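These notes concern the structure reproduced below.
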Amino acid sequence: MKAKEIREKFIDFYKKRDHVFIPPAPLIPEQDSTLLFVNSGMFPLVPYLLGEEHPEGKRLVNFQKCFRSDDIEEIGDMRHTTLFEMLGNWSLGDYFKEEQIPWVFDFFVDEIGLDPKKIYISVYRGDKEIGIEKDSKAAQIWKDVFEKRGIASKEVDFAQEKGMQEGRIFYYSKDNWWSRSGPPESMPLQEPGGPDSEIFYDLGESLGHHKKSQWKNEPCHVNCDCGRFIEIGNSVFIQFIKTENGFEKLPKKNVDFGGGLERIAMISQGKTSIFETDLFLPIIRKIEEISSFKYRENVQSFEVIADHVKAATFIIGDEKGVSPSNKQQGYFVRRLLRRSMRHGRILNIDSKMWIKDVAREVIEIYKDVYPEIEKNKDFVYEMLEKEENAFNKMLEKGIKEFEKIENKEISGKKASFLYQTYGFPLELIEEMAKERGQKVDKEGFYEEMEKHKKLSRDLSAGVFKSGLADESENTVKYHTATHLLLAALREILGETVVQKGSNINRERLRFDFSFERKLSKEEISQVEEKVNDMIKKDLVVSKEEMDTKKALESGVVASFEEKYPSRVLVYTISDKDGNVFSREICSGPHVEKTSLLGKLIIKKEESSSSGVRRIKAILK
Ligand code: SER
């Protein structure tokens, strides 16, 4: 079955059971979150799992793009990716285990056609320390389900030590607890979670562990990583919340199911690697075409490239897309791309610019399901090229430098040098070191980085201030528009107006400023008009580096909440005769002349917090 058909079958199956389809959420979280990426279908549903009413009701179904950076090291085992799709269904305080468990089974067996004898189950063993009991109820329901089909369904425990023991249903502890942030002890307060029940598929002994020496002294069981069993889905019974007093019951019991689309497709398509399914094959073929290897000749490098370029394409092309940078989500994009480029060299990819060719295949596969990556493709290609160009220049030099190191251990200083000078992420340094039988002094690396951070704090103070989501052309236009907006506000409302915050992306600007009351309609149109006048005048934007004290004395606009370094950049917007309209301390970037901006339209003026107003505006 093609992935598309599996997606559709899943949605239909649950629609028939009164579920409402909810569209997938952006990869970059909508709400503030301690996690940088949406890592599961349930992520955007947290408020509803905690008890809020969902506008679409109590039964929901969808598919969701997810990114898990912690799986980055696992790539290369034919079944892990950082970017994957999750099929999900939820009960928000509605049905529970009795319905969910038979549905999961029926879906896999009757709709997808999996062999029920090859399905194995795990359930929660319970944990006295946190006061949560063994999930015998789930085990009993599973038993009934198997027995109805005439399949033996023995329950066993301690499989880690004792092996399969001819069991069908297995008890585990931590492996059978799920929350967005992992097992009970790593959950932050107010995080929901619960015991879960995982479904595994037996790929056959020949695929598994007996061949692999690292497991030869351990018994095989469903949760061992030898490769024989693969997890294809997981029902979490979300009914607890972590509080200062331990785990407390949520007002309602929820079900949160997630199934891995790539893995289900792999089994359905009779493959042993998810990279050979229709969700990956065109990407793999493309890499074969531009390199001098076949996939099976270097599984790891192929999978790293296929996965990483796919993930970078999705993150940059997300509804809330981000570009490569040294911070937050942008750092992951950079890391994914740099690692791909290095593996590209291992595969002898000749072309200097090839990432885009791989990304094009990704967009082709997914454009109907995730139209945003097609819509944002120009931005994606622009960012990929920029990153590839910059890193290409450094990679060669960096590798030469690397090869000069003969010590068994790469010192913190050396690692930090490779990072600062050639842009090698620590993970890349570690990987290269490992290939050459070397170790990296990580502690030393972090110490060096700390020292460096202190030195360059000046720089980053500037970078943060502008609040830009990326440095694409459109975003930069909005940035310049923000300066004009502040100048107009100060002219019309008075010089007490200062900037309180700014958040800019390719689609709009959001600007916070100090002012005590709501602006009148008239004031809003005056501000708008003023900005558009300045745009029409085709003012010129120039920058200069200045001594901070001098700059402040000369009356440039600054945000006083910020600590400035001793020297700063000052951006001036003026006409040809030298009349100044705006002059601000800012780290840029900006457009060269204001006529590029088009027309500013203020969409909204509202309160942001006490004494602070917020304007949202777009350029047309
Ligand atoms: N949230 C659960 C998981 O990620 C099930 O959807 O496994």
Side-chain angles (χ1 to χ4, degrees), residues 6-7 10-11 13-14 19 21-22 24-25 27 29 31 33-50 54 58-71 74 79-97 99-101 103-105 107-108 120-124 135 138 142 172-184 186-188 191-201 222-223 229-242 250 253-264 274:
I6 298 174
R7 253 189 232 107
F10 182 77
I11 305 298
F13 182 88
Y14 282 96
H19 289 61
F21 174 76
I22 50 167
L27 267 181
Q31 316 115 312
S33 152
T34 47
L35 298 182
L36 291 174
F37 296 98
V38 166
N39 70 350
S40 51
M42 65 77 90
F43 196 115
L45 296 175
V46 171
Y48 310 105
L49 293 164
L50 291 174
H54 194 285
K58 293 179 179 167
R59 297 182 176 204
L60 307 173
V61 60
N62 86 348
F63 51 86
Q64 173 67 46
K65 47 183 175 174
C66 303
F67 179 78
R68 291 188 180 173
S69 62
D70 36 346
D71 283 338
E74 312 266 352
R79 57 170 68 193
H80 276 94
T81 52
T82 57
L83 191 288
F84 65 101
E85 273 181 88
M86 198 181 271
L87 305 174
N89 70 273
W90 294 272
S91 157
L92 302 173
D94 189 12
Y95 59 86
F96 207 46
K97 296 174 194 175
E99 290 85 354
Q100 173 64 15
I101 290 174
W103 284 347
V104 172
F105 192 79
F107 172 71
F108 280 122
Y120 291 83
I121 302 300
S122 66
V123 292
Y124 190 53
D135 200 354
W142 277 116
Y172 290 92
S173 55
K174 275 185 192 134
D175 284 333
N176 280 93
W177 178 275
W178 202 89
S179 83
R180 283 184 304 176
S181 13
S186 18
M187 289 167 67
E191 180 76 13
D196 69 4
S197 178
E198 299 182 351
I199 304 106
F200 297 84
Y201 196 75
V222 294
N223 250 326
F229 296 97
I230 184 166
E231 186 202 334
I232 53 174
N234 177 23
S235 302
V236 191
F237 306 114
I238 298 194
Q239 40 186 323
F240 299 104
I241 180 166
K242 187 166 173 176
L250 283 169
K253 294 178 181 171
N254 309 288
V255 174
D256 157 35
F257 172 81
L261 177 63
E262 294 80 359
R263 292 178 174 193
I264 301 168
I274 57 177

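Ligands are counted one by one from 1 in listed order, and the atoms in each one are counted from 1 as well. In this text, all values refer to a predicted model and were calculated from it rather than measured experimentally.
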Quick one about [Y] and [X] (side-chain donor to acceptor, distance below 3.5 Å, no hydrogens or angles considered), yes or no?
| X | Y | answer |
| --- | --- | --- |
| Asn254 | Ser91 | no |
| Tyr95 | Asn89 | yes |
| Gln100 | Ser235 | yes |

Problem set entry | Under the ring-ring contact (aromatic ring centres under 6.0 Å, His included) test, residues paired with Trp90 that sit two or more places apart | none
Seminar exercise, completed: Partner of Asp94 under side chain to side chain donor-acceptor pair (under 3.5 Å), picked from Lys58, Arg59, Lys253, is Arg59
Exercise. Should the pair Phe21 and Phe63 be assigned to parallel (<30°), tilted (30 to 60°) or perpendicular (>60°) ring geometry?
Worked result: tilted
For this session: Check each protein residue for a heavy atom under 4.0 Å from ligand 1 and list those that pass, ordered by chain and number.
Result: Ser40, Met42, Arg68, Met86, Trp178, Asn234, Val236, Asp256, Phe257, Gly258
